[in-house]
Amino acid sequence: MAGDKTIIVSNRLPVSVKKVRGKLIYTASSGGLATGLGSIPENQRKWIGWPGVVSDVLTDSDKKEITKELKSHGCIPVFLTRRQVKRFYDGYCNETIWPLFHYFPQLTTYRDRYWQAYKQVNEQFAKTVKAQSRGAGAIWVHDYQLMLMPALLRKQMPGVPIGFFLHIPFPSFELFRLLPQRRELLEGLLGADLIGFHTHDYARHYLSCALNLGGYEYNGGVLSVGTRSVHIDVFPIGIDTVRFMETAVSEPTQKSVAELASSLGGRQLILSVDRLDYSKGLPERLDSFDEFLKQHPEMHGKVEMLLLAVPSRTDVRTYKSLRMAVEQSISRINGNYATTDWTPIRYLFRNIPFEELLPLYQHASVAMVTPLRDGMNLVAKEYIASQLTDDPGVLILSETAGASTELHDALLVNPNDRSAVAATLHEALIMPLEERRQRIHHLQSRLKEYTIIDWAKDFMRELDTHTSAATAQHIATITPKVEKEIVSKFQEAATRLLLLDYDGTLSAYASRPEQAKPDAALRRLLKRLSQQRGTEVVIISGRTRKTMDEWFGDLPISLVAEHGACTRAKGKVWHCKPQRETDWKSEVMDLWAPLEQRTPGGFIEQKEYSLVWHYRRVPTALAKLRLQQLMSITGPLAENLDLGIYQGQKMLEIRQHDNSKAVPTEGWLQRKDWQFILAAGDDYTDEDIFRILPDDAYAIKVGTGSTAAHYRTQNSETVLALLKKLAAKPRNST
Ligand code: ADP
Ligand code: G6P
């Protein structure tokens with residue numbers, strides 16, 4: 001693990017506190033996050049979270065006692081008031097994010113006061129983490145309750161490795177976009193160095209939201225965010241397989257299994273274990289069981305369903321009505337089919353201790369794990385791990401649970417297809433022994449090879465690798481200290497050269513190129529800079545000379561257009577390279593034009609020396625397809641005519657190979673013995689400038705991506721802030 005102890009942060013601690021008749025009661029928390037992460041050894045982490053009780057009912061001495069007791073479990077409490085719990089936990093977490101992310105938009109409530117509380121609680125958590133962070137190797141934030149935290153922590157502790165893991169599904173863009181605060185949540189996560197998801201689909205959805213909502217560039221598992229890289233990866237959570245397997249074969253479990261078998265009197269046990277949550281598909285599961293009983297009268301009296309439901313989020317309206325629906329459904333089925341010596345469904349609405357749960361897992365002939373949506377579902381894995389027996393059972397698993405991407409040998413079902421689920425239940429109950437053994441064997445191998453401990457180590461190792469790689473790049477961010485040094489070197493120098501790219505460097509990208517026109521403030525700044533004594537300002541751009549003239553022609557600065565093809569030194573006329581004789585542009589246009597017409601949002605710009613297809617407003621997937629198509633249809637022609645195809649910031653450009661920003665840069669470098677040189681650019685074309693600068697020049701890459709520059713700054717705003725500082729000392733001006 002990176003550095004010292006890892007700080008784990010989650011809303012739910014592994015221990016929950018209740019105050020009953022003045023007494024504090026401590027219990028193990030339920031839910032996948034607490035049971036899963038609870039297996040990480042206490043000496044490897046410090047865990048910060050909410051103890052599960054509202055602080056209004058606690059006295060100061062209660063809080064002290066809770067703090068002390070939790071400390072003995074390596075936990076630190078964040079106390080929340082009743083009002084916060086109502087609006088943050090019941091509200092934004094469980095009435096807004098939870099239903100939406102589980103594909104229940106009809107159950108999603110949007111309330112501003114919930115959102116305000118969510119922000120406030122995330123800030124409160126961030127404060128506690130900061131206070132506890134001394135000596136921490138890394139911070140690992142968990143789940144949907146704390147999606148703003150990575151960005152909050154990044155602001156307060158820029159250098160600390162931060163990981164985030166989402167334990168629930170990340171929905172498709174079509175659902176995520178419904179959320180009024182979609183941008184804030186998306187960007188909250190981007191404070192992390194590594195964001196983990198259970199499945200590739202969830203990661204894919206997050207990326208498509210990042211591209212569609214934020215326009216962030218994505219390449220090979222890495223999102224570029226300002227000067228930082230955010231890694232996105234898939235880590236399917238496991239369970240403490242060894243603990244389950246060892247307990248399964250232990251003597252007490254075997255004894256309980258024997259008792260259970262005799263109490264069932266030869267009936268096959270169908271097990272159902274969940275938190276009572278609408279995402280778990282309980283009413284649908286009961287309906288399927290009803291259908292099964294209808295279809296198979298011969299099975300009456302031979303099977304029994306045990307439905308274990310843990311109370312969960314009981315103050316939320318939808319959970320209350322779900323409980324009523326489930327209980328009514330059980331009564332109806334039992335009423336219809338029960339006999340004097342057989343009740344089809346037994347129901348327990350409570351938490352079952354591990355030692356009691358294990359014999360049930362082991363003895364059950366079938367586990368029905370049929371959620372409508374589930375991030376992962378640990379019950380499925382726990383059942384499999386507990387099947388250390390010669391006569392194993394069968395797992396029925398929803399294809400909409402994250403676990404289905406790993407547990408291929410389960411019987412996979414669509415939980416909404418009740419008759420298919422009923423038929424699958426019958427198939428499971430009569431499955432031959434050899435097939436059951438084979439399936440369980442394959443399923444267990446997966447659980448042995450990637451346990452919860454492997455999962456946690458894997459995540460931390462990846463976090464460590466990415467943060468160390470970022471440090472190893474040796475590219476310094478322009479901090480206030482570096483900025484001061486640049487300003488003072490600039491002031492000391494008698495001859496100064498500023499080589500500045502335009503788009504993405506002096507101006508942010510706009511939807512259409514003509515909209516990125518310089519405003520009066522930028523023109524004033526360039527003028528002021530050029531008036532500094534001994535200062536030469538050169539804008540080296542890919543724009544046409546016509547545009548450069550229109551925007552900057554009247555300023556006392558030098559201009560380079562079309563990536564070095566045309567140059568206009570201060571006060572002089574343009575000098576351009578000769579044009580090719582062949583009319584290659586019309587040949588390319590013939591190939592590109594039909595695709596342009598079929599791609600709304602994209603357009604072709606015709607320059608003197610190049611053709612550019614701009615796709616900033618084209619939906620990401622379509623843009624990707626068109627890029628491939630344009631490259632493949634233009635490739636042979638480009639080769640014949642010795643043209644280069646280049647991919648820049650949301651554009652594809654075809655031009656002569658020999659246009660390079662290096663040519664005019666070389667010219668300016670040789671013109672004088674410059675005592676100060678600064679170059680800034682964001683695009684691959686600017687690398688041609690960086691590569692030929694002398695070592696003592698300040699080469700500044702704007703944004704992310706590999707570079708030959710030694711410094712990095714975030715965006716055009718931070719470039720302008722630096723240039724303003726250079727221009728701020730008019731005492732040297734002529
Ligand atoms: P979720 O995280 O949505 O609750 P998971 O299946 O991932 O779903 O995790 C549920 C966890 O809660 C499992 O570790 C399971 O053993 C435990 N659990 C579920 N029902 C009960 C119950 N009635 N008693 C005790 N533990 C339970
Ligand atoms: C799911 C969530 C966890 C949550 C758990 C129990 O597993 O991903 O973050 O802790 O359910 O829910 P609760 O609301 O009781 O914490």
Side-chain angles (χ1 to χ4, degrees), residues 8-16 18 27-39 47 49-53 80 85 88-95 97-99 101-102 141-147 164-170 197-198 202 236-241 243-244 247 271-282 306-316 318-319 346-358 360-361 367-386 395 397-398 401-404 407 452 455:
I8 291 183
V9 198
S10 68
N11 178 57
R12 178 70 69 185
L13 283 172
V15 181
S16 291
K18 261 195 235 155
T27 50
S29 303
S30 60
L33 184 146
T35 53
L37 293 185
S39 321
W47 194 331
W50 173 54
V53 60
L80 301 179
V85 170
F88 156 75
Y89 172 72
D90 290 339
Y92 202 77
C93 294
N94 292 322
E95 287 184 43
I97 304 185
W98 180 273
F101 280 37
H102 284 85
V141 183
H142 290 266
D143 227 359
Y144 66 101
Q145 302 90 345
L146 301 174
M147 290 176 79
F164 180 88
F165 192 83
L166 188 73
H167 290 255
I168 65 173
F170 196 93
F197 297 93
H198 284 310
Y202 308 158
I237 197 171
I239 57 165
D240 190 348
T241 312
R243 178 172 178 233
F244 275 87
T247 317
L271 189 62
S272 162
V273 180
D274 317 77
R275 269 183 315 102
L276 193 74
D277 193 298
Y278 48 84
S279 63
K280 304 291 180 183
L282 285 162
L306 176 58
L307 199 135
L308 302 182
V310 197
S312 182
R313 305 171 195 167
T314 43
D315 288 333
V316 178
T318 39
Y319 288 75
R346 258 197 307 145
Y347 166 62
L348 296 182
F349 182 55
R350 66 176 169 84
N351 211 316
I352 310 283
F354 179 71
E355 307 70 46
E356 278 179 42
L357 190 57
L358 219 98
L360 296 170
Y361 273 149
M368 282 188 89
V369 182
T370 56
L372 298 178
R373 279 287 157 178
D374 212 331
M376 170 53 71
N377 196 290
L378 295 185
V379 167
K381 295 190 171 183
E382 294 170 1
Y383 173 71
I384 295 297
S386 310
L395 172 65
L397 179 62
S398 281
S404 71
L407 305 180
I452 179 80
W455 171 82

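Please read these numbers as outputs of a predicted model, since none were measured by experiment. Side-chain atoms are counted along with the backbone in the values below, which use heavy atoms only and exclude waters and symmetry mates. Each ligand, and each atom within it, is numbered from 1 in the order the structure gives.
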Among all the protein's non-hydrogen atoms, which is closest to atom 8 (O) of ligand 1, and how far away is it?
Lys280 NZ, 3.0 Å

Below 4.0 Å, non-hydrogen atoms only: which portion of Arg350 touches ligand 1? Side chain, backbone, both or neither.
backbone

The protein heavy atom nearest to atom 12 (O) of ligand 1 is Gly31 N, 3.6 Å

Name the orientation class of the two ring planes belonging to Trp455 and His142 (parallel below 30°, tilted from 30 to 60°, perpendicular beyond 60°).
tilted

Please write down residue, atom name and distance for the protein heavy atom closest to atom 22 (C) of ligand 1.
Val310 CG2, 3.1 Å

Closest approach of any protein heavy atom to atom 2 (O) of ligand 1, naming residue and atom:
Gly32 N, 2.6 Å

Of Asp143, Thr314, Leu33, which has the heavy atom at the shortest distance from atom 2 (C) of ligand 2?
Asp143

Protein heavy atom under 4.0 angstrom of atom 27 (C) of ligand 1, is there one?
yes

Could you tell me whether Phe349 approaches ligand 1 through its side chain, its backbone, both or neither, with non-hydrogen atoms closer than 4.0 Å?
neither

Quick one: nearest non-hydrogen protein atom to atom 15 (C) of ligand 1, plus distance?
Glu382 OE1, 3.3 Å

Give the ring-plane orientation class for Phe354 versus Phe244, where under 30° counts as parallel, over 60° as perpendicular and anything between as tilted.
perpendicular

Arg275 heavy atom under 4.0 Å from ligand 1
yes

Select the closest option to atom 6 (C) of ligand 2 among Arg275, Arg12, Met376, His167, judged by heavy-atom distance.
Arg275

So which protein heavy atom does atom 5 (P) of ligand 1 come closest to, and at what separation?
Leu378 N, 3.5 Å

Is the closest heavy-atom distance from Ser30 to ligand 2 below 4.0 Å?
yes

May I ask you to identify, for Asp274, whether its side chain, its backbone, both or neither come under 4.0 Å of ligand 1 on a heavy-atom basis?
backbone

Quick check: does Ile352 get an N/O under 3.5 Å from an N/O on ligand 1?
yes

Of all the heavy atoms in Gln145, does at least one lie under 4.0 Å from an atom in ligand 2?
yes

Carboxylate-amine/guanidinium proximity below 4.0 Å for Asp90 and Arg313
no

Mind checking whether His198 and Phe165 have ring centres under 6.0 Å apart?
yes

According to the interplanar angle, ranging from 0 to 90°, do the rings of Trp98 and Tyr144 count as parallel (below 30°), tilted (30 to 60°) or perpendicular (above 60°)?
tilted

